[in-house]
Amino acid sequence: MDRQLDQLLSSAGRPALCQSVLPALLGCIADIARTLRTSHTVALAGTANAFGDDQLNVDVAAEKLVRDALAKCPAVVAASSEEDPAERPVRHSRDAGQTAEEASSEQYTVAFDPLDGSSIIAPNWTVGTIVGIWDGASALRQPPAERQVAAVLGVYGPRTTAIVALRVPGAEAACLEVGIGDQDFRFHVIRSRVRFADPPFATRYFAPANLRAAAESPSYMRLITQYVGKKYTLRYSGGLVPDVVHALAKGHGVYVSPVTAASRAKLRRLYELCPIALVVECAGGRAIDPVDGEEILARPLEGCDDRAGLVCGTTDEVDEVKRELLGASLESCR
Ligand SMILES: *[C@@H]1O[C@H](CO)[C@@H](O)[C@H](O)[C@H]1NC(C)=O
């Protein structure tokens with residue numbers, strides 16, 4: 001692995017996580033990128049995942065690549081994914097070496113969405129992979145803010161990149177951006193410290209997901225109108241990963257995906273929201289639930305299918321959205 005990357009990760013004091021699990025996942029992102037580039041068609045695989053969503057051939061291929069990567073990591077004891085959402089023990093491949101250290105002290109559960117953005121794959125827009133890494137043998141019924149110790153976002157656009165966030169108890173939180181080359185998995189650190197910047201900003205960005213909800217939510221409609229009135233710049237692709245990574249690349253911005261009675265929560269907390277929230281927090285931002293304003297990482301998961309909305313980005317912007325959306329709903333209850 002790249003020496004600088006190695007150095008940045010080694011400060012976490014988790015050898016199996018940093019020398020086995022994270023490198024395996026980065027290698028897997030290179031593999032998924034190659035699979036996407038060489039899949040000339042994206043088609044229904046004729047199957048549906050456990051949530052009833054149709055699966056694409058590329059979803060199935062990405063799922064298999066992540067599972068194969070995890071099978072090589074002895075420290076990963078359990079895994080589940082959006083395509084197969086039940087936590088199960090990981091069967092390790094025979095060539096998975098195991099050091100005494102790994103066997104004794106590090107055990108992880110991995111939760112992943114192998115390919116996020118199915119609806120925008122066919123037009124060849126940027127899509128992503130989302131991975132959360134949890135301490136211990138399960139991600140469920142644990143305090144996410146402490147137990148989810150790392151997250152990786154793979155970004156498949158014209159370039160392949162990854163955002164790696166690490167927040168291990170006792171070590172400083174880190175968030176970095178890695179470039180992934182086509183040839184033999186060359187990684188190099190593009191930015192060793194991904195951080196949201198401080199205002200003022202010449203341009204302000206907003207990503208209004210679930211925009212249809214504005215038709216039945218006066219407060220969301222008002223928020224959008226305010227962004228337009230204040231001359232914010234729209235940056236929204238419909239892919240959760242590229243939309244959040246846009247803000248990380250620019251150093252500011254806000255992503256809003258509200259929930260209304262008719263437009264229900266659809267983002268999965270385990271496979272999408274928790275890893276995204278860790279990345280955003282490690283970059284100095286905030287990620288909250290638009291229904292109650294609570295931090296995404298505040299509440300333990302009850303099951304693999306828990307869902308919610310999302311507001312994330314710089315702290316100032318997220319607080320403003322919270323005031324707009326929740327302030328109004330409190331008034332209407334009076
Ligand atoms: C999709 O876009 C990538 C670059 O982003 C390009 O290399 C690839 O050829 C495109 N594939 C198709 C089928 O258009």
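Note that ligands are numbered from 1 as they come in the structure, with each ligand's atoms numbered from 1 the same way. These values consider heavy atoms only, across backbone and side chains, with no hydrogens, waters or symmetry-generated copies.
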Arg37 CZ: over 12 foreign heavy atoms closer than 6.0 Å: yes
Protein non-hydrogen atom below 4.0 angstrom of atom 9 (O) of ligand 1 present: no
Residue selection (non-hydrogen contact nearest atom 14 (O) of ligand 1) among Thr160, Asn124, Thr41: Asn124
Aromatic plane relationship, Tyr232 with Phe206 - under 30° parallel, 30 to 60° tilted, over 60° perpendicular: perpendicular
Nearest protein heavy atom with distance in Å, relative to atom 4 (C) of ligand 1: Pro158 CA, 4.1 Å
Audit row: Asp306, Arg299, salt bridge (charged side-chain N to carboxylate O under 4.0 Å, His left out) steps and yes/no: CA-CA 11 Å; Asp306 289 5; Arg299 200 171 36 233; over 6 Å; no
Identity and separation of the nearest protein heavy atom to atom 7 (O) of ligand 1: Arg37 CD, 3.9 Å
Cationic N near anionic O, under 4.0 Å, Asp31 to Lys64: no
